[in-house]
Amino acid sequence: MTSVKSSGTGVGSGTNVARDGNATDTIRKLQDTYSEREVEQNKKHREEMMSVNELHKDELQKIQDQHERALRDIKARSEDTITKQDMNYQKEIKDLKDMYQRRIEKLATQNKKATENGTES
C-alpha cells in the first residue's frame with residue numbers, strides 16, 4: 001500500500017482554513033470600506049443638498065425682496081399720479097364752479113338791470 005502524504009491543498013487542510021480566513025477578512029474589510037465610502041458619500045450628498053437648499057432659499061428671498069420693492073415703487077408712483085390727477089380735477093371743478101357762479105351773478109345783474117329798466121319806463 002502506498003501512503004499519500006497530504007500536501008495541504010485538500011479540503012479541511014490547515015492552509016485552506018487560513019486562506020478562507022484571509023478571504024473572509026478581506027471581504028469583511030472590503031465591505032467595511034464600501035460601507036464607510038457609502039456613509040461618506042451620503043453625508044457629502046446631504047451637505048450638498050443642504051447647501052443647494054440654502055442657496056435656493058437665499059435666491060427666493062432676494063426675488064421676494066425685489067418684488068416687494070417693485071410693488072412699493074409702483075404703488076408710490078401710482079399714488080403720486082393719482083394725487084396729481086385728483087388735484088387737477090379738483091382745480092377744474094373749482095374753476096367750473098367759479099365760472100358758473102360768475103355766470104349766475106352776471107345773469108342776476110342783467111336781470112336786475114332789465115327789471116329796473118323795465119320798471120322805470
Side-chain angles (χ1 to χ4, degrees):
M1 242 178 70
T2 320
S3 133
V4 178
K5 190 173 186 185
S6 173
S7 65
T9 58
V11 177
S13 71
T15 305
N16 280 341
V17 171
R19 273 193 230 150
D20 289 343
N22 284 339
T24 304
D25 287 342
T26 303
I27 291 172
R28 189 173 293 124
K29 286 179 184 177
L30 287 173
Q31 287 174 337
D32 289 344
T33 302
Y34 177 78
S35 295
E36 289 173 10
R37 284 183 185 165
E38 188 175 20
V39 167
E40 287 299 317
Q41 285 178 343
N42 286 339
K43 182 179 176 184
K44 186 177 178 181
H45 179 70
R46 251 192 329 272
E47 289 171 355
E48 288 174 355
M49 290 304 295
M50 288 173 59
S51 176
V52 167
N53 284 338
E54 191 64 31
L55 290 173
H56 184 251
K57 178 182 161 188
D58 291 345
E59 189 65 27
L60 281 176
Q61 188 62 45
K62 286 178 186 177
I63 291 170
Q64 286 176 334
D65 292 345
Q66 288 173 346
H67 184 256
E68 287 176 12
R69 279 194 301 272
L71 286 178
R72 280 194 304 261
D73 185 47
I74 290 169
K75 182 179 177 185
R77 283 187 281 139
S78 297
E79 286 175 351
D80 288 344
T81 302
I82 290 172
T83 301
K84 288 176 184 175
Q85 286 177 344
D86 189 46
M87 287 174 28
N88 288 337
Y89 292 147
Q90 292 296 329
K91 185 181 179 306
E92 286 180 21
I93 290 170
K94 183 182 180 304
D95 291 346
L96 287 172
K97 283 181 180 179
D98 290 345
M99 185 176 70
Y100 179 74
Q101 184 66 33
R102 284 192 304 272
R103 179 74 178 145
I104 295 293
E105 288 172 0
K106 185 177 178 182
L107 285 173
T109 305
Q110 287 175 351
N111 284 340
K112 184 177 179 183
K113 283 183 182 177
T115 315
E116 289 174 357
N117 286 339
T119 55
E120 289 180 8
S121 307

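What you see below is based on every heavy atom in this structure, not just the backbone, and it leaves out hydrogens, waters and symmetry mates. Note that this is a predicted model, so its numbers are computed, not measured.
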Undergrad: To the nearest 0.5 Å, what is the distance between CD on Gln90 and OG1 on Thr83?
TA: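 Output value for this atom pair is 11.5 Å.
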Undergrad: With a 4.5 Å limit on heavy-atom distance, are the side chains of Lys75 and Leu71 in contact?
TA: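 Heavy-atom side-chain distance check fails, nothing below 4.5 Å.
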Undergrad: First locate atom CG of Leu60, then atom CG of Asp65, and finally report the distance between them rounded to the nearest 0.5 Å.
TA: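 Answer rounded to 0.5 Å: 11.0 Å.
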Undergrad: Could you state the interatomic distance from NE2 (His45) to CD (Glu48), rounded to the nearest 0.5 Å?
TA: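 One finds 7.5 Å between NE2 of His45 and CD of Glu48.
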Undergrad: Go through the steps to decide whether Gln85 and Thr81 satisfy the test side chain to side chain contact (heavy atoms under 4.5 Å, CB included), and finish with yes or no.
TA: CA-CA 6 Å; Gln85 286 177 344; Thr81 302; 3.9 Å; yes
Undergrad: Would you give the length of the straight line joining atom NZ of Lys43 to atom CD of Glu36, rounded to the nearest 0.5 angstrom?
TA: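 Lys43 NZ to Glu36 CD: 12.5 Å, rounded to 0.5 Å.
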Undergrad: Using 0.5 Å steps for rounding, measure from the CG atom of Asp98 to the CD atom of Glu105.
TA: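 Here the interatomic distance stands at 9.5 Å.
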Undergrad: Answer yes or no: is there an ion pair linking Asp95 with Lys91, defined by an N-O contact shorter than 4.0 Å?
TA: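 Answer for the salt bridge query: yes.
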Undergrad: Give the intermediate values and the outcome of salt bridge (Lys or Arg N to Asp or Glu O under 4.0 Å) for residues Asp25 and Lys29.
TA: CA-CA 6 Å; Asp25 287 342; Lys29 286 179 184 177; over 6 Å; no
Undergrad: Tell me, do Arg69 and Gln66 make a side-chain contact under 4.5 Å, heavy atoms counted?
TA: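 The answer is yes, as the side chains (C-beta and beyond) meet within the 4.5 Å cut-off.
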Undergrad: Rounded to the nearest 0.5 Å, what separation is found between the OH atom of Tyr100 and the CG atom of Leu107?
TA: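 Nearest 0.5 Å value for the OH-CG distance: 9.0 Å.
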Undergrad: I'd like to check Thr24 versus Arg28 (side-chain heavy atoms, cut-off strictly below 4.5 Å). Are they in contact?
TA: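 Sidechains of Arg28 and Thr24: in contact.
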Undergrad: Does the side chain of Arg72 come within less than 4.5 Å of Glu68's, by heavy atoms?
TA: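 In short, these two side chains touch, coming nearer than 4.5 Å.
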Undergrad: Please lay out, stage by stage, how Glu38 and Asn42 fare under the test side-chain hydrogen bond (donor to acceptor under 3.5 Å, both in side chains).
TA: CA-CA 6 Å; Glu38 188 175 20; Asn42 286 339; 4.8 Å; no
Undergrad: Please tell me if the side chains of Gln31 and Ile27 come closer than 4.5 Å, counting only heavy atoms from C-beta onward.
TA: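 Of all side-chain heavy-atom pairs linking Ile27 with Gln31, at least one is under 4.5 Å.
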Undergrad: Taking Ser51 for the side chain and Glu47 for the main chain, is one N or O donor matched with an acceptor at less than 3.5 Å?
TA: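 Looks like no, no N/O pair under 3.5 Å.
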Undergrad: Is Met50 close to Glu54 at the side-chain level, that is, under 4.5 Å between some pair of heavy atoms?
TA: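 Glu54 does not reach Met50 side chain to side chain.
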Undergrad: Ion pair present between Asp73 and Arg77, side-chain N to carboxylate O less than 4.0 angstrom?
TA: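 Here Asp73 pairs with Arg77 in a salt bridge, since their nearest N and O are under 4.0 Å apart.
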